[in-house]
Amino acid sequence: MATKDGSYKRNASKHRGTSVEPEAGRYRLHVALACPWAAGALSTLYLKGLEDVIAVSVVHPTWQKTRDDADDAHCGWVYRSPGDAPLANPLGHGSFDCDDALAPDPSGASSIRDVYASCGDLDGPFTTPLLFDTKTNDIVSNESLDILRILNGQFDGLAKRPRVNLYPEALEEELAALNADVVYPCVNNGVYRCGFSKSQTAYDAAARDLFGALDALETKLGERRFLGGDRFTWLDLRLYHTLVRFDPVYSVYFKTNARLLKDHPNLYAFVRDVYALDAVRRSTNMKHIKTHYFTSHAHLNPYGIIPASDGPDLERPAGRGPPVDLEMVN
């Protein structure tokens with residue numbers, strides 16, 4: 001939503017749970033592979049080795065109407081199965097296939113909105129990621145920071161890699177402050193503040209914050225491998241999932257084109273370093289990323305034309321040290 005001065009303000013998450021009763025097969029993580037917050041949760045699930053413990057449902061990247069009612073204008077995340085008929089954008093333009101990355105919800109929900117409605121939330125916003133308890137038919141949390149912590153520590157008795165810890169106690173205060181002051185407001189949310197500004201003044205302020213933060217992070221990552229030093233943490237994951245979208249999407253769609261990721265050598269090397277982690281690579285789907293942003297917001301791109309570039313080469317060696325051994329950093 002926008003404030004009176006045209007600034008973008010993100011809605012606060014409504015469903016805030018911080019604990020679960022660990023049980024294999026009980027929980028389901030609903031994700032949009034295009035969404036950086038959801039992709040971070042999925043990366044954590046893979047990093048911990050929870051694929052056989054927590055089920056995952058994956059929506060189609062192109063928003064659709066979620067009700068047949070002509071008076072209900074809501075467009076959002078919908079479920080389709082691989083091989084279903086392609087979808088058009090909300091204005092009826094384009095043809096966007098139902099690929100093998102999709103995973104429908106076994107409950108029969110046709111949209112994320114249906115999942116929220118099934119436990120009484122009829123108002124939304126209907127966002128991902130969403131951690132759902134199928135035993136109680138209730139939402140555990142739709143706040144990505146809650147979900148990251150839950151996946152990081154509360155399923156260790158069932159995880160294939162319980163020693164992986166993205167929240168080292170010694171770095172807790174430093175990382176929390178860096179997130180609160182720089183990474184979240186200026187970068188993670190900063191790109192949206194640029195893209196959804198409704199006044200030049202609001203855009204200019206958001207762009208200054210964004211590129212000032214990127215300059216600061218470029219300097220920091222020139223002195224250390226990760227934001228917390230040698231340790232790969234949750235905050236690196238959060239920064240990565242914004243930066244990997246920067247050149248192919250945000251620089252075009254959200255007008256964050258003062259400089260590109262590839263113009264920041266340390267940030268670009270950092271992204272390649274993180275991408276080299278198999279769990280992160282598996283949760284980075286550039287096709288879904290580009291398809292969502294360029295086809296779902298019809299007022300920004302009416303015909304759903306998807307630009308050609310996937311951004312800079314992520315396969316190029318990062319040159320920042322040996323492969324990260326996530327189980328040996330505790």
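At least one donor-acceptor pair under 3.5 Å links the side chain of Lys290 to the backbone N or O of Ala308. The main-chain N or O of Lys135 is never found under 3.5 Å from a side-chain atom of Tyr27 such that the two would form a donor-acceptor pair. With hydrogens and angles ignored, the 3.5 Å screen pairs no side-chain donor or acceptor of Tyr293 with any backbone N or O of Tyr253. With Asp146 contributing its side chain and Ile150 its backbone, the two residues share no donor-acceptor pair below 3.5 Å. Under a 3.5 Å cut-off, the side chain of Arg225 and the backbone N or O of Arg320 do form a donor-acceptor pair. Checked by atom type and distance alone, the side chain of Lys65 pairs as donor or acceptor with a backbone atom of Asp69 at under 3.5 Å. When atom types are taken as modelled, the side chain of Lys48 and the backbone of Asp156 share no donor-acceptor pair closer than 3.5 angstrom. Of the possible donor and acceptor atoms, one in the side chain of Ser283 sits under 3.5 Å from a partner among the backbone N and O of Val280. A donor-acceptor distance shorter than 3.5 angstrom exists from the side chain of Arg193 to the backbone of Pro185, with no hydrogens or angles considered. Of the possible polar contacts, one joining the His292 side chain to the Pro61 backbone as a donor-acceptor pair under 3.5 Å is found.
Asn89 and Thr295 are not linked by any side-chain donor-acceptor pair at a separation below 3.5 angstrom, with hydrogens and angles left out of the test. Side chain to side chain, Tyr116 and Ser111 fail the donor-acceptor criterion of an N or O pair below 3.5 Å. A donor atom on one side chain and an acceptor atom on the other are found under 3.5 Å apart for Arg259 and His264. In summary, the side chains of Tyr250 and Thr242 do not present any donor paired with an acceptor at a separation below 3.5 Å, with no hydrogens or angles considered.
Under a 4.0 Å N-O distance rule, the pair Arg26/Asp133 qualifies as a salt bridge. One finds a salt bridge joining Arg67 and Asp114 here, because a Lys/Arg side-chain nitrogen approaches an Asp/Glu carboxylate oxygen to under 4.0 Å. At a threshold of 4.0 Å, the pair Arg224-Glu174 counts as salt-bridged, since one of the basic side-chain nitrogens sits closer than that to a carboxylate oxygen. The pair Lys262-Asp313 fails the salt-bridge criterion, with no side-chain N (NZ, NE, NH1 or NH2) lying under 4.0 Å from an Asp/Glu carboxylate O.
Atom OG of Ser197 is separated from atom OH of Tyr192 by 14.0 Å, given to the nearest 0.5 angstrom. Once rounded to the nearest 0.5 Å, the distance linking CG of Leu29 with CG of Leu151 reads 6.5 Å. The CG atom of Asn179 lies 6.5 Å from the CG atom of Asn188; values are rounded to the nearest 0.5 Å. The CG atom of Asn137 sits 8.5 Å away from atom OG1 of Thr134, with the distance rounded to the nearest 0.5 Å. With rounding to the nearest 0.5 angstrom, the OG atom of Ser57 is 14.5 Å from the CH2 atom of Trp77. Expressed to the nearest 0.5 Å, how far CG of Leu131 lies from OG1 of Thr128 amounts to 12.5 Å.
By the criterion of side-chain heavy atoms lying less than 4.5 angstrom apart, applied directly or through intervening Ile, Leu, Val, Met, Phe, Trp or Tyr residues, Leu91 is not grouped with Ile306; the two fall into different hydrophobic clusters. Clustering ILVMFWY residues whenever any of their side-chain heavy atoms sit less than 4.5 angstrom apart, transitively, puts Leu235 in the very cluster that holds Leu277. Under the 4.5 Å side-chain contact rule for hydrophobic residues, Leu175 and Leu267 share a cluster. Phe126 and Val58 are not part of a single hydrophobic cluster, where members link through side-chain heavy atoms under 4.5 Å apart. When hydrophobic clusters are built by joining Ile, Leu, Val, Met, Phe, Trp and Tyr residues whose side-chain heavy atoms come closer than 4.5 Å, directly or via intermediates, Tyr203 is not grouped with Leu260.
Side chains of Leu227 and Leu217 form a contact here, defined as non-hydrogen atoms less than 4.5 Å apart. Inter-residue side-chain proximity for Asp123 and Asp121 is flagged as met; some heavy-atom pair is nearer than 4.5 Å. In this structure, Glu218 and Pro265 have side chains that are in contact, with non-hydrogen atoms separated by less than 4.5 Å. For the pair Pro312/Leu261, a side-chain contact is recorded, criterion being any heavy-atom separation below 4.5 Å from C-beta on. A heavy-atom distance below 4.5 Å is not found between the side chains of Arg149 and Trp234. For the pair Tyr275/Glu315, a side-chain contact is recorded, criterion being any heavy-atom separation below 4.5 Å from C-beta on. Considering only heavy atoms from C-beta on, Arg238 comes within 4.5 Å of Leu145 through its side chain. Side-chain contact between Phe246 and Leu214 is present, with heavy atoms from C-beta onward closer than 4.5 Å.
Leu42 and Val31 get closest at one heavy-atom pair: CD2-CG2, 4.4 Å. Here the closest non-hydrogen pair linking Asp247 and Val252 is O-CG2, 4.3 Å. When all heavy atoms are compared, the tightest approach of Cys194 to Thr256 is CB-CG2, 3.8 Å. Summarising the geometry of Phe226 relative to Leu221, their closest heavy-atom pair is C-CD2, 3.7 Å, with the distance given to 0.1 Å. Heavy atoms only, all atoms of each residue included: Ser19 and Val140 are closest at O-CG1, 4.2 Å. Scanning all heavy atoms of the two residues, the minimum distance from Phe294 to Ile305 falls at CB-O, 3.7 Å.
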> Hey, mind stepping through Asp72 and Arg113 against side chain to side chain contact (heavy atoms under 4.5 Å, CB included) and telling me if it holds?
Replying inline: CA-CA 12 Å; Asp72 191 325; Arg113 183 181 183 179; 2.8 Å; yes
> Checking ring-ring contact (aromatic ring centres under 6.0 Å, His included) for the pair Phe270/Tyr240: CA distance, chi angles, key distance, verdict?
Replying inline: CA-CA 8 Å; Phe270 163 83; Tyr240 164 85; 7.4 Å; no
> Can you list the steps and then say if Arg161 with Leu326 is a side chain to side chain contact (heavy atoms under 4.5 Å, CB included)?
Replying inline: CA-CA 9 Å; Arg161 290 179 288 279; Leu326 291 164; over 6 Å; no
> Does the side chain to side chain contact (heavy atoms under 4.5 Å, CB included) test come out yes or no for His30 and Tyr79, once each step is laid out?
Replying inline: CA-CA 10 Å; His30 296 262; Tyr79 282 111; 2.5 Å; yes
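Each of Lys287, His60, Arg80 was compared with Asp97 under the side chain to side chain donor-acceptor pair (under 3.5 Å) criterion, and only Lys287 meets it. Each of Thr62, Val59, Ile112, Thr66 was scored for a side chain to side chain contact (heavy atoms under 4.5 Å, CB included) with Val78, with one residue passing: Thr66. Screening Thr291, Thr284, Asn285 for a side chain to side chain contact (heavy atoms under 4.5 Å, CB included) involving His288 leaves a single residue, Asn285.
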